[in-house]
*Asks:* 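Have a look at this one.
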There are 2 protein chains.
Amino acid sequence: MKIGELAKETGVSTHTLRYYEKIGLIDTATKDASGHRNYGAFELDLINWVVCLKKSGMPLEKIKTYVAAFKTGDANNMREMLEAHLVKLHKQQADIEHYLDVTERKLASLKKSTTH
Amino acid sequence: MKIGELAKETGVSTHTLRYYEKIGLIDTATKDASGHRNYGAFELDLINWVVCLKKSGMPLEKIKTYVAAFKTGDANNMREMLEAHLVKLHKQQADIEHYLDVTERKLASLKKSTTH
DNA sequence: TGTTGACTTAGAGTATACTCTAACTTGTTA
DNA sequence: TAACAAGTTAGAGTATACTCTAAGTCAACA
């Protein structure tokens with residue numbers, strides 16, 4: 001799989017994929033005969049997981065640490081990070097519930113005041 | 001209420017409050033005899049609402065638009081924005097549910113592989 | 001009255017995460 | 001074989017949102 005296809009599959013632009021390589025978030029890709037990056041299922045999974053972490057609010061530096069723990073097989077560290085991440089996700093869930101509540105009440109009072 | 005107290009009440013730093021004023025997100029505060037910004041319940045509510053929108057992922061530019069609609073009394077625009085925001089919040093809720101699921105499964109498989 | 005802490009301004013600096021440009025090479029199709 | 005799309009690099013530029021600095025003013029207390 002070339003970089004353009006990986007970009008399509010993951011929704012991450014080719015620019016960003018090269019950027020992730022540059023900052024050391026992902027390993028330097030192996031290159032084919034013509035010097036083009038070559039990716040497989042492993043990279044596809046990795047990028048999708050990175051996207052999942054990033055979208056749930058983890059900064060790239062922390063994702064980098066997680067990926068590094070994965071690469072060195074540091075399961076303890078990985079488990080710790082995932083557990084901390086779960087806690088954050090649960091907090092986000094509660095926060096959003098609260099924001100939904102506040103927004104819904106705001107909207108309701110807005111509708112009320114404009115119909116009278 | 002002076003800027004330091006508003007900062008304490010809202011959790012937004014004095015630097016950031018002045019920044020919000022500078023970018024036009026909030027109006028230039030009235031000043032007391034010694035030139036210090038003076039805030040009341042209205043500003044406290046406004047900043048708390050801004051924090052709520054910001055924390056639920058709305059960029060400052062959009063918040064600015066909302067606040068502007070509020071100032072001009074454009075209830076239609078406000079309602080539209082709030083409804084769009086609710087949709088986004090519901091999407092976020094679903095996303096987080098998904099991320100929780102993925103993370104929990106990741107953690108479970110990690111624990112499994114390290115205990116055997 | 002002196003010192004401490006909070007306030008003021010304009011403007012510079014920082015952090016995060018891209019995003020784009022220029023100049024070039026390679027692969028595929030008409 | 002010409003042209004066009006997609007790949008390569010190093011490095012510059014952008015967007016968002018702060019965050020801090022310098023130099024000064026003001027208010028309250030010992």
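We name chains A, B, ... by the order of the sequence lines, and we start the count at 1 in each one.
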*Asks:* Starting at NZ of B/K54 and ending at P of D/dA17, how long is that distance when rounded to a whole Å?
*Replies:*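 It is 8 Å, rounded to the nearest whole Å.
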
*Asks:* Round to a whole Å and report the spacing from CD of A/E61 to P of C/dA15.
*Replies:*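 Interatomic distance, CD of A/E61 to P of C/dA15: 12 Å.
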
*Asks:* Between atom CD1 in B/I3 and atom P in D/dT25, what is the gap in whole Å?
*Replies:*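 Between P of D/dT25 and CD1 of B/I3: 20 Å.
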
*Asks:* More than 12 heavy atoms of other residues, nucleotides or ligands under 6.0 Å from NZ of A/K91: is that the case?
*Replies:*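 Check fails, neighbour count at 12 or below.
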
*Asks:* Send over the distance from A/K55 NZ to C/dT16 P, rounded to a whole Å.
*Replies:*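 Checked: the NZ to P distance equals 21 Å.
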
*Asks:* What's the CG-P distance between B/L53 and D/dA17, to the nearest Å?
*Replies:*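 These atoms are roughly 12 Å apart.
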
*Asks:* At their closest point, which heavy atom of A/Y66 faces which heavy atom of B/K106, and how far apart are they?
*Replies:*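 The pair with the smallest heavy-atom distance is OH-CG, 4.3 Å.
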
*Asks:* Please state how far atom CE in B/M1 lies from atom P in C/dA6, giving the value in whole angstrom units.
*Replies:*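 Rounded to whole Å, this separation is 17 Å.
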
*Asks:* Closer than 4.0 angstrom, basic N to acidic O: yes or no for B/R37 and B/D32?
*Replies:*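 Result for this pair is no, no salt bridge flagged.
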
*Asks:* Between A/Q92 and B/Q92, do the side chains contain a donor N or O and an acceptor N or O under 3.5 Å apart?
*Replies:*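 On atom types as modelled, these side chains do not qualify, holding no pair under 3.5 Å.
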
*Asks:* For B/K2 and D/dA27, give me the distance from atom NZ to atom P, rounded to whole Å.
*Replies:*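 Computing the B/K2:NZ to D/dA27:P distance gives 8 Å.
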
*Asks:* Rounded to the nearest angstrom, tell me the gap between atom CD1 in B/I47 and atom P in D/dC18.
*Replies:*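 B/I47 atom CD1 is separated from D/dC18 atom P by 11 Å.
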
*Asks:* Kindly state which residues belonging to residues 13-39 of chain B come within less than 4.0 angstrom of DNA chain D, counting heavy atoms of the residue only, listed by number.
*Replies:*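 Of all residues in residues 13-39 of chain B, the ones placing a heavy atom under 4.0 Å from DNA chain D are B/H15, B/T16, B/Y19, B/Y20, B/S34.
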
*Asks:* If each of A/G4 and B/L60 is mapped to the nucleotide of DNA chain D with the nearest heavy atom, which maps nearer the 5' terminus, i.e. the 5' end?
*Replies:*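 Mapping each residue to its closest nucleotide by heavy atoms, the 5'-most match is A/G4.
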
*Asks:* Answer yes or no: is there an ion pair linking A/E61 with A/K64, defined by an N-O contact shorter than 4.0 Å?
*Replies:*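 Yes, this pair counts.
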
*Asks:* Do B/L25 and B/F42 sit in the same hydrophobic cluster, where Ile, Leu, Val, Met, Phe, Trp and Tyr count as joined when their side-chain heavy atoms come under 4.5 Å apart?
*Replies:*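 Yes, B/L25 and B/F42 fall within the same hydrophobic cluster.
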
